[in-house]
Amino acid sequence: MARPSWRWRRPARSLWRRARQVADGVSLPEPFDAEDFVAGLAAARGRPIELMPVSAPEGAPCGLLMSTERADYILYPTNTTALHRRHILLHEVGHLLCGHVGAGAGADGIAVDAAIDAAAGRQLMPNLSPELVRRVLGRTTYSEVEEREAELVASLLAQRVVRPAEPPREPAPGVPDGVRRFDSVFGRRTP
């Protein structure tokens with residue numbers, strides 16, 4: 001298998017660097033609580049963020065970020081595991097933190113997967129008017145790079161949630177450089 005070209009590696013490094021910078025700038029409550037985290041983020045941004053649990057139909061997106069003039073809404077499924085729900089929340093927050101605004105609808109006029117039609121929109125978001133749902137979904141698609149960046153931010157935040165920051169410690173004398181590099185990638189081992 002051929003190695004990726006430098007043209008691919010440079011943008012990937014830049015994406016990682018930006019995602020790490022964004023994630024490192026976020027304060028997480030300890031212990032982590034999604035509602036406290038979102039409330040703190042909303043206060044810091046000066047803009048309401050509402051969490052909306054939904055029972056997502058088969059084939060629907062895992063999560064959804066909708067921004068209106070009044071607030072940002074994060075929809076997340078109730079019919080999945082707690083770990084998956086947390087990652088979905090962190091992914092949608094990643095879009096907010098990175099300043100992603102999405103693009104307009106595609107050439108066919110559909111902004112999201114075809115599985116999200118008017119009926120699914122009503123089922124996912126019964127408290128919002130169908131017109132608002134259509135208008136917001138029509139401008140809430142992200143590029144592949146934006147999706148990768150939001151996913152990286154979510155993964156970096158999730159890593160901090162699971163393993164809170166610990167003071168750096170020096171490896172034992174004689175530890176090979178390969179093990180040191182492994183620790184820097186996957187985190188420090190506990191004694």
Side-chain angles (χ1 to χ4, degrees), residues 19 22-23 26-45 47-106 108-164:
V22 167
V26 175
S27 181
L28 296 173
E30 288 188 38
F32 183 79
D33 177 83
E35 290 184 8
D36 290 345
F37 170 61
V38 169
L41 183 59
R45 294 175 70 232
R47 180 174 166 79
I49 302 172
E50 293 190 28
L51 297 178
M52 298 177 69
V54 296
S55 180
E58 190 69 30
C62 292
L64 185 65
L65 170 65
M66 297 189 330
S67 296
T68 67
E69 291 80 20
R70 187 187 89 65
D72 295 310
Y73 300 90
I74 297 176
L75 286 74
Y76 63 94
T78 55
N79 50 340
T80 190
T81 66
L83 181 64
H84 192 212
R85 278 192 306 272
R86 181 176 64 210
H87 190 81
I88 291 165
L89 168 74
L90 294 174
H91 176 92
E92 301 306 333
V93 164
H95 284 299
L96 288 175
L97 294 171
C98 293
H100 298 162
V101 294
D108 58 1
I110 299 172
V112 293
D113 191 302
I116 300 297
D117 58 8
R122 283 192 300 275
Q123 183 177 358
L124 284 172
M125 301 159 270
N127 299 330
L128 299 178
S129 74
E131 175 55 35
L132 176 63
V133 171
R134 275 193 302 280
R135 187 175 44 135
V136 172
L137 289 180
R139 66 171 194 240
T140 312
T141 57
Y142 299 103
S143 70
E144 181 182 338
V145 172
E146 288 172 326
E147 285 298 330
R148 286 178 38 210
E149 186 174 43
E151 192 63 22
L152 283 171
V153 169
S155 296
L156 292 167
L157 291 173
Q159 182 181 37
R160 286 179 41 209
V161 166
V162 172
R163 186 177 2 156

Heavy-atom check, side chain of [X] versus side chain of [Y], under 4.5 Å:
X	Y	result
Leu156	Arg160	no
Phe37	Val161	no
His87	Ser155	yes
His84	Cys62	yes
Leu97	Leu157	yes

What's the separation between atom [atom1] in [X] and atom [atom2] in [Y], rounded to the nearest 0.5 Å?
X	Y	atom1	atom2	value
Arg47	Asp72	CZ	CG	4.0 Å
Leu41	Asp36	CG	CG	12.5 Å
Glu149	His91	CD	NE2	10.5 Å
Glu147	His95	CD	NE2	3.5 Å
His100	Glu92	NE2	CD	11.5 Å

Next item on the list: Please identify each residue that fulfils side chain to side chain contact (heavy atoms under 4.5 Å, CB included) with Leu152, with sequence neighbours left out.
Entry: Leu15, Trp16, Ala19

Margin query: If the condition is side chain to side chain contact (heavy atoms under 4.5 Å, CB included), which residues does Val38 pass it with, not counting sequence neighbours?
Written below: Ile49, Leu51, Leu89

Note to self: Looking at every non-hydrogen atom in both residues, tell me the closest pair between Gly94 and Ala150 and how far apart they are.
What the structure shows: C-CB, 4.2 Å

Next item on the list: For Arg85 and Thr80, indicate whether the former's side chain and the latter's backbone hold a donor-acceptor pair under 3.5 Å.
Entry: yes

